[in-house]
Structure formats: structure tokens, C-alpha cells
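Let me begin by presenting the structure, written as C-alpha cells, before commenting on it.
Here is the naming used below: chain letters follow the sequence lines, and residue numbers restart at 1 for every chain.
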Number of protein chains: 4
Amino acid sequence: MAAQKSPRSASGRPAPDAARRSERSRRAIYDAALALVVEVGYPKTTVEGIAARAGVGKQTIYRWWPSKAEVLMEAFLDLSLQAAEEAAEGEAGQAPYAIPDTGDVAADLKAVLRATVDELRDPRYEAPARALAAEGVVNEPLGREFMARLLGPSLQLYVDRLRAAQEAGQIRADIDPRIALELFVSPLAQRWLQYTGPISHEYTDTLVDYALNGLAPR
Amino acid sequence: MAAQKSPRSASGRPAPDAARRSERSRRAIYDAALALVVEVGYPKTTVEGIAARAGVGKQTIYRWWPSKAEVLMEAFLDLSLQAAEEAAEGEAGQAPYAIPDTGDVAADLKAVLRATVDELRDPRYEAPARALAAEGVVNEPLGREFMARLLGPSLQLYVDRLRAAQEAGQIRADIDPRIALELFVSPLAQRWLQYTGPISHEYTDTLVDYALNGLAPR
Amino acid sequence: MAAQKSPRSASGRPAPDAARRSERSRRAIYDAALALVVEVGYPKTTVEGIAARAGVGKQTIYRWWPSKAEVLMEAFLDLSLQAAEEAAEGEAGQAPYAIPDTGDVAADLKAVLRATVDELRDPRYEAPARALAAEGVVNEPLGREFMARLLGPSLQLYVDRLRAAQEAGQIRADIDPRIALELFVSPLAQRWLQYTGPISHEYTDTLVDYALNGLAPR
Amino acid sequence: MAAQKSPRSASGRPAPDAARRSERSRRAIYDAALALVVEVGYPKTTVEGIAARAGVGKQTIYRWWPSKAEVLMEAFLDLSLQAAEEAAEGEAGQAPYAIPDTGDVAADLKAVLRATVDELRDPRYEAPARALAAEGVVNEPLGREFMARLLGPSLQLYVDRLRAAQEAGQIRADIDPRIALELFVSPLAQRWLQYTGPISHEYTDTLVDYALNGLAPR
DNA sequence: TCGTAAACGAGACGGTACGTCGCGTCTTTAT
DNA sequence: ATAAAGACGCGACGTACCGTCTCGTTTACGA
């Protein structure tokens, strides 16, 4: 079995040694990237600017990420992780990363969506989330990564909760939960992303009602 | 009232005389912009590239548009207009710009959504539409313009059709059509924009069924 | 005869239109390059620095010169030209660009060499001349250009003066003037370039004496 | 007197312990530096390149030399030393490091200069010698070191030989040998360094003749 | 019908950021 | 304990486009 002295990444460049990576720099880069996106917007956020703000050489960024979009992706991922951990601490003993199940699907979904609305309005989350979404629209690999690492896991929580509701007989058994969740999640996403309408707690409540009960008369 | 020899736009620059504008150049610029977005993608499409390909001076672009996003917006608007006119010719005597009303809402909606799916898969439409959507996500004024000039009018057609369905008693009267349409339009939009899932005729059919009948058992 | 719409330089890049070149920028670049070489030395003089000091975009330098060495070459050539013109004004009616001929070769050569010594000590000339010489040593094309455009013409003046001396019988007819001149010019050049010894009026006087009369006893 | 555990050089850094220096590494660094200068030229020879080629850490270079110029200087000095030792072996019983004295100054000088011409044409010597000369032109301390350690000793040999000639009555007693030698050495040096003309055995022979006999008629 | 003023093509300009290279220092790893 | 390996902060490289600004050259209008 041949020893592999200098492993190469897909780009053909020798892969850097991750074990010797500076944790300090990584944190500073995450912080700088997030702060800049909030302060000056994504298009005016430059790799050079991130490096300067983080007190880091440009090469240190290019060594570990292929583009500013990937930097922001990991920074945002890290931010979400931290937030999730903090949230988990508050509700000790409870399953983290799950939509609560009080027995009332409608109420549970409304609660989660209200929380989501609040989050989408917090500039600290909104700016990077919007930037990543925009980049992903036009950059398919990044878009798919965004889906795989952020959107997907979140959507899975809805799938799980809807499955539970099906078992409880609150949702028809022949419904595909993966599609069903889009009836209330996607409208919110589109209003937020494309300014197709205002978002509010009232609005998401209505979405849940419409989706669960349908538009046609009974 | 004082004579105004060289009227100035809000930017303080003398407004160009639109009457003397070269139609030839405008067309060439539209064609070049759309072609480049399809061929090399939006981020690699540059004003310089558009000018070169259109055989036009850069200033001719900057004279009439403030940014490449606006150029593309108008180019795409123009493209949509042309396409709509062509489509209208095929169905003479019928109201253009409307969702057909056969009396069966579900069928009508499914038909329109199937057509939309086809369009979203045509690279000639997809590339510029995606580019504008992405730009609009991160550039609010442009996003709102995109909504006002393209998305809005399209969505209004759904509102009209849903209103007709309400009058025909096929949809509950207390439903807000502006929100209702999002139950089947937004999921498609999100899957397309964010790669959250595959899009197909089957999928949109399912969306219409779910939306009209709801998820909960009757 | 084919029209040549976009002539290309040897580098394969379209040649810029010299007619539209900014004289203002060129002057500013010359001045900045010379000043920086004097102030911070050649190795610390950067294209970026020249551009910044000249108030010019980097591309304006790269558009017209392939390297900082070539910039400095032309700047120095320009400086020499100006100096020569100023000098020529002072001695109206006299042939410019020539070594004076008073009939006494030894005296004439000593006078020119003394002037050269003075020039080599003037930092405004020394710094760029030294920089170009150094670069030329290790960069053959540039070295040859330096020889062709600066050194060569100067040495030719010695050839001319020595020929006159041969006709006047002050120098043997079988002597090759192109080689002869090196007996007093090259020693000065080497002392200056390589710090092999101090340079002074006395020293160059001695060189002329030794060269004309030889080292062996008569 | 206080014990000094880690003596510090003028730079304030702890002086490395020369006794523990790796002879192996030094040799590898010399070889790599010389080879690179020959192969890619001095400007493209980098400390990183030398280290990589020598299979040595960069720090091992920086520990012992302040710059790539100094590395090359010592490498070249070492090369010259080796060459001189090899040459000395061939002529056993004779004084090493001296210009032969056959009684005929002209012949002896011509012989040495012919050998020098040959050396200057050997790429293994030419490339590093030229590199060091160029660096020395623009970097005064290095230039003076080059003079002190390489050029000076070589020139001294000429001084010695010329003194002998003066005692033998072949050269006038009032001649300064330190200046005299420049009449034939410097022209060769300048032609070589600055491409002011071709170098050949014929050329150096002529230089010796001109220098010894002078240019003026007797 | 002809001048003339505007729009036009071309592209040079002052800039900003790109992604890369090499510097000289510092740290880790594996003898 | 030493030295290879190489990550780091830094600064310059040479390139690509930005948006502005002249340049002549059409072009179309109104005198």
C-alpha cells in the first residue's frame, strides 16, 4: 500500500494540513465575514475586506476556502450551530433539533413558523441567509450545498412532525409530508426572498390554516 | 415656466434624448445580454462583455441603464413580451394574459403550472430569470422592481382565476386569493430557485390537489 | 492590401492606441519612478508605488510598459534628453552631443571624464543609472537595450573624438578607437558600479595619462 | 562575569550554535542555489525554491544567512574555492593563487585574461557571478563584500604581477599598479557585464597591447 | 439642404478587487 | 533537541472590470 505523502485536493493543489490550522484565524474570519455582510451587504463584502477586518492574510482565506461564498456558508453554518446549542441549553432534557409536539399540529406549526418569521427579521441572520440564498440561486453547486447543509435538515424537522401528525390521524395518511410542508414553508420563503409580500405571524398562521384545511369548501 | 434646455434626471446628469435613441443598439444589447447570461452565466456576464458582443460602446449602455442588472431586467421583459405576443397569436379571439377558465379550477391551475414548469426548464428563459431573481434577493430595489414588473402581473392572473372560482363556489369565499395562490406557486418557485427538490408536472399536479383539498382528513 | 484593424504587439495583446495616450500621465509616471528610485532605492520601488505616487491607475503603466525596468529606462532616457537639451542651450551655435575638440585630446578627454564623474555623483542621475545598469546585468534584453539607447551613443562620441585625434596624428593610426576608449571609460565604470575603488577627477586624469602613454617605459 | 546561555547577535535574535550546524544541509543549499541560478536565473531564484530543492526547511536558510544574495555569495565563494583547489592540484609545487611569471608580462597577462574569458563563458560560473555582480551594483554592502571577498583578492594578483614587472623594468616605476590593472581588466568586465561588446581572446590580447604601449605615437 | 448637436463606436483613464507568489517569522511534528 | 514542513501576516504582482471621460464619426433634426 503506497504512502500518500502530499495529498492533493480536486483543484490539483497540495491540500493544506488541516491539523495545523489556526483556530484563532478561522473564528476571526467567520466573525468578520458575518459582520461585513450585515454592515455593507454581500456584494460589497470582499475577500480582501474580510481578511483586513479579521487581521489575517488573504492567503489564509484562499488556503481554506475557494470563494467568499463558501466562507460565508461555513460562517453561517457555524452561527446556526452556536445558536442551536444555546437554544438547546435553555430546554434541557428535551430533544434538540425538533419541532415540539403538543398533540396539536396546527398550533405547533404556527409556533415554529412564528419563530422563523422572527429570525428572518433579525438582521444578524437575515443578511447572511439572504446572501447565501442569492448566491445559491445562480451558483448551482453552492445552492445544492446550502440545501444539503442548512435547508434540508430544517425541512426534515417538518417531515418528522408531519409524520407524527399522520400517525395521530390529524393529517391524511396518503399525503407526502415532504411536499406538504412546502405549502406553508415555501410561501413564507418566497415572500421573504422575493419581496412578493409582507411577512408576519398572522400571515404564517393563515398559511397553516389554509394548508391544513384546503381552499375548497368541505 | 422656464425653458429647460437639458433636463436633468435625479442623478444630476443631463438626461439623454430618448427620441434619438438607437433602436438598433438597444436590440443588440438585449440580445447580447441574454446570450451571455445563457452562455457564461450571470456573474461572468460583464457590461464590457455585453458592449463588445453587441458591437456597442460602453457609454451607450451606461447612458440608458444604471447597471447590468437593469439591462438584463429590460432584456428579459422584452423577451417575455415577445413570447407573450407570439403565444397570443396562436389563440386568436381569446383574452391574452389570462389563465383559461374551463369551469374546472383544478384542471386550469394544473395546466398553467405545467406550462410554467416547461418554461422554467427552457435555458433561454431559465438563465436570465434565475439571474434576475438572484440579484433581486440581495438588491431590494431591483427585487421590488422584478416583483412589480414581472412576478406581480403573473400572480395577478392567479388572483383573477381564483376569484372566478370563488364566485363559482369552487373555493371558499373567506379565502384570500392573494395568499391562496402561494400554496401552489411558491413551492414550485422554491424548488426551482433553491434546488430544494425536483420539479415536474406530477409535482405541480399534486400541489394543486393538496392546496385545494387540504392536508387534514375531512 | 489588407486593412489592419487591431494591430497586435508581440505579446499577442491588442496594441493600445498611442495617439490617445495621456501625456500628463506619462510625465507623472516618469517623475514618480525617478523620485522613488532616488528616495527608496530600486528594489523597493514598485509598480504599485509608482502608480500611487503618479496618481495613476496601475493598468495605465502596464498598458504602456512591460515592467518597472522598462518604465525606468524610458524615464531615465527622457531625463537624459532633457538634460542634454538644457546643456545644448547654454552653448548655442555649437554642435550638441559631441566631445569638444580643442586640439588637445588629453585635455578634452579629461574634461569629459571629470564631468562624467560629477554626474555619477549626483544622486538624481546615480540612482536610476545604477538601477538600470544592475537590472541590465541580469536581464540581457534590457541590458542590450540600455547599451543601444544610452551607453552606445555616449561611447560613439568618444569614438568620434579619438578618430579626430588619429587624423591629427595624436593617436596612432592602427589603434581601434572603439577599444581604445574602454581604457579610460571602463575603469571608471567598474569603480562606480562595483565599488572597486573611489572615483575622482584625479583618478580619471590618471587614466587618460596611462592610456595615452602606456605602462611600459619608452 | 555572567554566564551567557544564549548569546545574541546584533539583530537581537539568539545566535545559532555554529558547531551544531548541519554540513549536509549547507552543501545541499549551495548546490540548489547555484543550480537554480543557472537554470531559471537570479530573479526567479527564491529562498523557497532553494529550500525545496535542497530538501531543507526555510528556517534552516534564514538561520544562517540574511538573504538569498548572501546564500549565493557563499555558494559561489565555495565554488571558486573548490575550483581553485582543483586547479592547484594540476600544477603541483607551484604557488597557488598567483599569476605565473615567465618574465614576459605581456604574455603572462594575456594568458590569465584568456583564462578569464573562458571562465566568463562557462554558464556554471557566469550565471552566479553575474547575479552577484548585479545585486552588488544596487546593494552597496553586498557590493563591497563581493569586492572584499572575491574581486579584491583576484585584483591583488594583478597588482603583485605588475609590481614584479616594475622591478624587472618592464613597466615604468611611477605607475600605480592598482590603477594600471584596470586598463585591461575593466574593459573586459564592462563588456561582459553590460553587453557593450563581444569578448574574445583576441580582444583581451589587444587590451594588453594597448595598455602596455599606450595609444599615442612614440 | 445643410449645419449642428446629439448619440454613437471605441477605448484610455483612475480605481478596486481579484487570486497568486514569495517574503521572513512562527509553530507543529516526527524523529 | 533539532530540523523538515509548512501555516501565518503581509505586501506586491499582473489582470479584469468598474464607471467616467474624451475622442472622432455618423445620424437625424430643425433652421
Side-chain angles (χ1 to χ4, degrees), chain A residues 5-6 13-14 16-22 24-25 28 44-49 51-52 54-64 66-68, chain B residues 5-6 13-14 16-22 24-25 28 44-52 54-64 66-68, chain C residues 5-6 13-14 16-22 24-25 28 43-49 51-52 54-64 66-68, chain D residues 13 16-17 20-22 24-25 43-49 51-52 54-63 66-68:
Chain A
K5 259 204 170 169
S6 58
R13 203 188 327 294
D17 180 350
R20 306 181 54 182
R21 184 167 183 180
S22 162
R24 198 177 193 290
S25 295
K44 288 195 179 172
T45 295
T46 65
V47 173
E48 213 148 63
V56 138
K58 265 202 290 183
Q59 197 57 52
T60 298
I61 295 184
Y62 284 112
R63 183 155 30 234
W64 301 108
S67 67
K68 75 167 174 176
Chain B
K5 257 202 168 171
S6 56
R13 198 188 325 296
D17 181 351
R20 308 185 66 167
R21 185 169 182 181
S22 162
R24 198 174 188 292
S25 295
K44 288 194 179 173
T45 296
T46 66
V47 173
E48 263 175 17
I50 296 172
V56 138
K58 273 201 289 180
Q59 198 55 247
T60 299
I61 296 183
Y62 284 112
R63 180 150 39 228
W64 302 108
S67 68
K68 75 166 174 176
Chain C
K5 258 200 169 171
S6 57
R13 202 188 328 295
D17 180 350
R20 305 180 56 181
R21 184 168 183 179
S22 162
R24 199 175 191 291
S25 295
K44 289 194 178 172
T45 295
T46 65
V47 172
E48 214 147 64
V56 139
K58 266 203 287 184
Q59 196 55 52
T60 298
I61 295 184
Y62 285 112
R63 183 152 34 230
W64 302 109
S67 68
K68 75 167 173 174
Chain D
R13 198 188 321 296
D17 180 349
R20 301 194 153 183
R21 185 167 181 180
S22 160
R24 200 175 186 290
S25 294
K44 289 193 178 173
T45 296
T46 66
V47 173
E48 263 174 19
V56 139
K58 273 201 289 179
Q59 199 54 248
T60 301
I61 295 183
Y62 284 112
R63 188 160 21 238
S67 68
K68 75 165 174 176

Is a donor on one side and an acceptor on the other found under 3.5 Å between the side chain of D:K68 and the backbone of D:T45? yes
Polar pairs (N or O, both sides) under 3.5 Å between protein and nucleotides 1-3 of chain E?
none

Let's see if you can work this out: which of E:dC13, F:dG9, E:dA6 has an atom nearest to the side-chain heavy atoms of C:S22? E:dC13
To the nearest angstrom, how far is A:W64 atom CH2 from E:dG19 atom P? 18 Å
Drop me the distance from B:R63's CZ to B:D17's CG, to the nearest 0.5 angstrom. 11.0 Å
Starting at atom CZ of B:R24, determine the distance to atom C1' of F:dA28, rounded to an integer number of angstrom. 16 Å
Nearest-nucleotide wise, let me know which of C:A18 and C:A51 is further upstream toward the 5' end of DNA chain E. C:A18
Might you confirm whether atom CZ of A:R21 has over 12 heavy atoms from other residues, nucleotides or ligands at distances under 6.0 Å? yes
B:S25 vs E:dA7: side-chain N/O to OP1/OP2 distance below 4.0 Å: no
How long is the line joining CZ of C:R21 and C1' of F:dC21, in whole Å? 18 Å
Can you find an N or O donor on one side and an acceptor on the other, under 3.5 Å apart, linking the side chain of A:R20 with the base of E:dT29? no
Heavy-atom nearest pair, C:W64 first then C:A18, reads CH2-CA, 3.7 Å
Spacing of C:D17 atom CG relative to E:dG9 atom P, expressed in whole Å: 18 Å
Expected rows: protein N/O vs nucleotides 17-19 of chain F N/O, under 3.5 Å:
from, atom 1, to, atom 2, distance (Å)
F:dC18, OP1, B:V47, N, 3.1
F:dC18, OP2, B:V47, N, 3.3
F:dC18, OP2, B:E48, N, 3.1
F:dG19, OP2, B:Y62, OH, 2.7
F:dG19, N7, B:K58, NZ, 3.3
F:dG19, O6, B:K58, NZ, 2.6

What pair of heavy atoms forms the shortest contact from B:I50 to B:I61, and how long is it? CG2-CD1, 3.8 Å
Nearest-Å distance, CZ (A:R63) to C1' (E:dC18)? 17 Å
State which residues pass side chain to side chain contact (heavy atoms under 4.5 Å, CB included) with A:A54; sequence neighbours excluded, sorted by chain then number. A:A28, A:I29, A:A32, A:V56
